[in-house]
Amino acid sequence: MNAVEIEEAITALADQPYDAAEFPFAFLLAFGNKDTTIKRLRAGSSNKSDLGGVLQANNIHIKTCAEGQANATLAALRDSPATARAKAKFILATDGTEFQAEDLTSGEAIICAYADFPNHFGFFLPLAGITTVRAIRESAFDIRATSRLNRLYVELLKDNPDWGTAARRHDMNQFMARLIFCFFAEDTGIFSGDATFTRTIDTMSARDSSNTHEVIGALFHAMNTRPEDRTAEGIPRWADPFPYVNGELFSGTTEAPRFSKIARSYLLTIGGLDWTQVNPDIFGSMIQAVADEDERGALGMHYTSVPNILKVLNPLFLDDLRAALEEARDNGRKLLNLRNRMARIRVFDPACGSGNFLVIAYKELRAIEAQINARRGEADRRSEITLTNFRGIELKDFPATIARLALIIAEYQCDVLHRGQREATRDFLPLDSKNWITCGNALRLDWLSICPPTGTGVKLRGDDLFSTPLDQAEVDFENEGGETYICGNPPYLGSKWQSLEQKGDLKNIFDGRCKNWKSLDYVAGWFMKAADFGSHTPAAAAFVSTNSICQGQQVPILWPTIFGTGHHILFAHTSFKWANLASHNAGVTVVIVGITSGPSPIRSLFLLSDDGETIRRETANINAYLVAAPNVEVQGKSRPMSGQAVMQFGNHPYYGAPLIFSVEEGRRIVAGFPQAADFIRPLYGSQEFINAAPRACLWIADENAEAAAAIPPIAERLKATAASRRAAIRDKAAQKLAETPYRFRDQTTAEGHVLVVPRVSSENRPFLPIGLLNAAAIIQDQAFALYDAPLWNMALIASRLHLVWIATVCGKLETRYRYSNTLGWNTFPVPPLTEKQKSDLVACAVSILLAREAHFPATIADLYDPETMPDNLRAAHDRNDETLERIYIGRRFRNDTERLEKLFEMYTKMTSKKVGDARA
DNA sequence: CATCCGACAATTT
DNA sequence: AAATTGTCGGATG
């Protein structure tokens, strides 16, 4: 169960009549325990309670009690020896009126009315195993509110299908945003004491809900009408206490959808929540799920945590402002200059979602400004930082609407925090009517018109007029001498997952500027647009991105193009795993890259140390691989550049899954038809090689096709292969291969021996897996093969030097090594080798093989486990490295940094010489 | 023809 | 549930 489902379940539980006997079980059920677990607890077999309650080991001790006994019961639970013995994390006591609980690990306690306990569900989330993401526990309110709003949204659309159509979706979204604003306003004092939004709806609308929409409509109408115009507009007297809000939020239609009885009661419940607790950055990111079928249930999928947002914003500009604040000390003049500078900083998020980057940036700037004002003795001064300087583009209407609202709420909260409730309320209404969040396709819109450069009057112009309502972003606003910072977390989509439209977006940006742009990730578009923006006006940009744009094939496509615009990498954060609110937190490994065309003599590279700490390193340059080294982009080559043997891609089955089977299956076939033995060979991909567990495959030469097909179990598999190839109707290559179902697409084998290199393998091993197999072995496409290659090639691949190269210039699968013949092997710089050097290396390779042999039948995975790697094997690798590195520089390298430096240097020399040759 | 990628995916601990 | 570690398909060059 995810957090939303749990919230729904315990809300339902609290709504039911209290049943003392059932409560503990219902409670545990709501937190996602399986029926069988509950059954066992009921039966008593797993119930460890010594007080007649319910005690689930390692989790919680619950006891219901007589009226008024909750406090005493909680004390008894705390003192119970069974609680300690079963290592309970929580204790809980309730009499159906009062509810008490304690987190025994932290000592945190809850005492509340029984009906209110769902408000504290975040407290108990560890019961459901949701502990890793702190933000969830700390934003229990946001989850509750989101989940309720979602139910209201769905209910309203059910009764008002026309509001769900494309034409009215915006009205619907704006309606929801207005509701949220009103809930927030009535709880935080933005509305005066008489303007109680929820209670007014409750009392003025009929219980049968028939006129709810009219009451809400009247309230919205009032909020869109100046006090002096209200009589003329016929605003009812009971709507009069509500202030004029405007701010575009209430302009346009004030019509409301019709409410069913259920929808009305949802509305009143949501209004009853304590909206002072809303956290705009978290709420905003979660609420996207409210209006999006795809994201519903996968709540918070694109949630960017505050620490991650700060990883972008701090090095981009906040650190610099804080340093300036530090430097200004109490110097009034300097403080004033800094405040003036900050008032003209623009933050632009061209993939803003519901605006959490903008909200955090705004809050941080306000915090710095508050310090300036405090030092200048102007603590309650009105802020110079205007919301119009926080701009965004968002594709979807609902998040775009919410982003504006989130900023408005953030502004109010900052005013309360830094200037006090009274000042905040006095200056808040009416809202500014300008729209500074544009709904549209960021890759098609002209960023210069959304953030016009200083001194010029660029008008908004969308490249695609149909997806860009022209009136949306007409904020004429020039920012003389101001700084612009672009930031965000745009969507990532690998080249073959993109829709035609998305491909078109990239074509629009990259076509004619670089070749092979079709292989770029969708996120590359944002970097390129940011670079183009920065070429027109001073700016710096930093995005969270999938790490693949800084790896392998994308590097030589994207980065020379970006560097060509005069940009460089200002700071970067190397790969770290993405974390979101989903309970199993799979997904993606990301980097953060900041670029600018301005001066930046010192550049910051952030890395995660082994114990998870972020380390900052200052360097003169950061290259496209996010390495502190000169710019190099390694271009794949189809032939080795330095005299290595040819490395081939393994044999691709190409829809030939039926050609592959287990070794046991192979034995069964041979047992029935001994003549089949001639056509069955051991098969090795990555896994099979690393774990010394080959599979079997059919391996049939053209001239044996008929003989093989005469064997029934083989014939069956050939038929299946032909069928699966024919089924790939759009793949021409597959259609052709259907005519030769007895063979893999490729059919290459060795004469004597073959060297195998897995395509993907764990990054935890100290050396790359490489091995020697006899000629019978078939290498499948999951591994590379060097057929009959001299063993000194193996010495190269087994070296630390080669691992460093592969780890840097090849792609990765998340952080796994992904070997590539074109990118990594063919480009690997090797000095010319003498026969003596070759035979020395062969000896090294042989001694590695012999060292492994001594541990037979240990697999590569066993032998190269960093914890348990045998000493003799380590020694053999050490000799290999010693021998090879002496060939390179006449001594051992000091460390991997030096190894990489040398390899990059050799590569640069190697490739620039090629260019020279071409000219000559 | 050859190959590089996956807001991953399957398996183990 | 978290940690570990590499399949498989197929568009792209």
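Chain A is the first sequence line, chain B the second, and so forth, proteins listed ahead of strands; every chain is numbered from 1. Keep in mind that what you see is a predicted model, and the values were worked out from it rather than measured.
- Within 4.0 Å (heavy atoms only), A:S638 reaches no atom of the nucleic acid at all.
- Checking the phosphate oxygens (OP1, OP2) of B:dA7, no side-chain nitrogen or oxygen of A:N547 falls inside 4.0 Å.
- Of all nucleotides listed (B:dG6, B:dT3, C:dG13), B:dG6 comes nearest to the side chain of A:S548.
- Put simply, CG on A:L813 is 16 Å from P on C:dT4, counting in whole angstrom units.
- Here A:S820 reaches the OP1 or OP2 of B:dC4: one of its side-chain N or O atoms lies under 4.0 Å away.
- A 3.5 Å limit on both hydrogen-bonding distances identifies B:dT12 as the Watson-Crick or G-U partner of C:dA2.
- For B:dC5, the base has no donor-acceptor partner in the side chain of A:Q553 [N/O atoms by modelled type, under 3.5 angstrom].
- There is no side-chain donor-acceptor pair under 3.5 Å between A:Y654 and A:D781.
- Using a 4.0 Å heavy-atom cutoff across all strands shown, A:P769 reaches no nucleic acid atom at all.
- The closest donor-acceptor contact from the side chain of A:W526 to the backbone of A:F543 lies at 3.5 Å or more, if one exists at all.
- Here B:dA2 presents its P atom at 15 Å from CG of A:D731, a figure rounded to the nearest Å.
- Put simply, A:S519 has no side-chain N or O that comes within less than 4.0 Å of OP1 or OP2 on B:dC5.
- Between A:K577 and B:dA7 there is no side-chain polar atom (N or O) within less than 4.0 angstrom of OP1 or OP2.
- Between A:R759 atom CZ and C:dG10 atom P the separation is 14 Å, expressed in whole Å.
- Computed from coordinates, the A:Y817 OH to B:dC4 C1' distance equals 19 Å when rounded to whole Å.
- Here C:dT5 presents its P atom at 14 Å from CD1 of A:I860, a figure rounded to the nearest Å.
- Residue A:R695 places its side chain closer to C:dC8 than to any other of B:dA2, C:dC8, B:dA7.
- With DNA chain C read from its 5' end, the first of the two nearest nucleotides for A:E688 and A:A728 is the one closest to A:E688.
- Separating the NZ atom of A:K518 from the P atom of C:dG10 is a distance of 18 Å, rounded to the nearest angstrom.
- Under 3.5 Å, the side chain of A:D781 and the base of B:dA2 form no donor-acceptor pair of N or O atoms.
- Put simply, the side chain of A:S762 gets close to the backbone of A:N764: a donor and an acceptor are under 3.5 Å apart.
- For A:Y819 and A:W825, the gap between ring centers reaches or exceeds 6.0 Å.
- For an aromatic pair to be called close, the ring centres must be under 6.0 Å apart, and A:Y522 with A:Y492 fails this.
- Here A:Q687 lies in heavy-atom contact (under 4.0 Å) with sugar-phosphate atoms only.
- At a threshold of 4.0 angstrom between heavy atoms, the contacts of A:K732 with the nucleic acid are absent.
- Looking at A:R818, its side chain has no donor and acceptor atom pair within 3.5 Å of the base of C:dT5.
- Rounded to an integer number of Å, the gap from CG of A:D521 to C1' of B:dC4 is 13 Å.
- Between A:F828 and A:H802, the ring center distance clears the sub-6.0 Å criterion.
- A sub-4.0 Å separation between OP1 or OP2 of C:dT5 and a side-chain N or O of A:N764 is present.
- In this structure, of B:dT3, C:dG13, C:dT7, it is C:dG13 that holds the atom nearest to the side chain of A:N516.
- Among the atoms of the strands shown, base atoms are found under 4.0 Å from some heavy atom of A:K496.
- Base pairing of C:dT7: no nucleotide in any strand meets the Watson-Crick or G-U wobble criterion (both distances under 3.5 Å).
- Using modelled atom types, one side-chain atom of A:R800 and one backbone atom of A:P766 make a donor-acceptor pair closer than 3.5 Å.
- Distances shown here put a side-chain N or O of A:N821 below 4.0 Å from the OP1 or OP2 atom of B:dT3.
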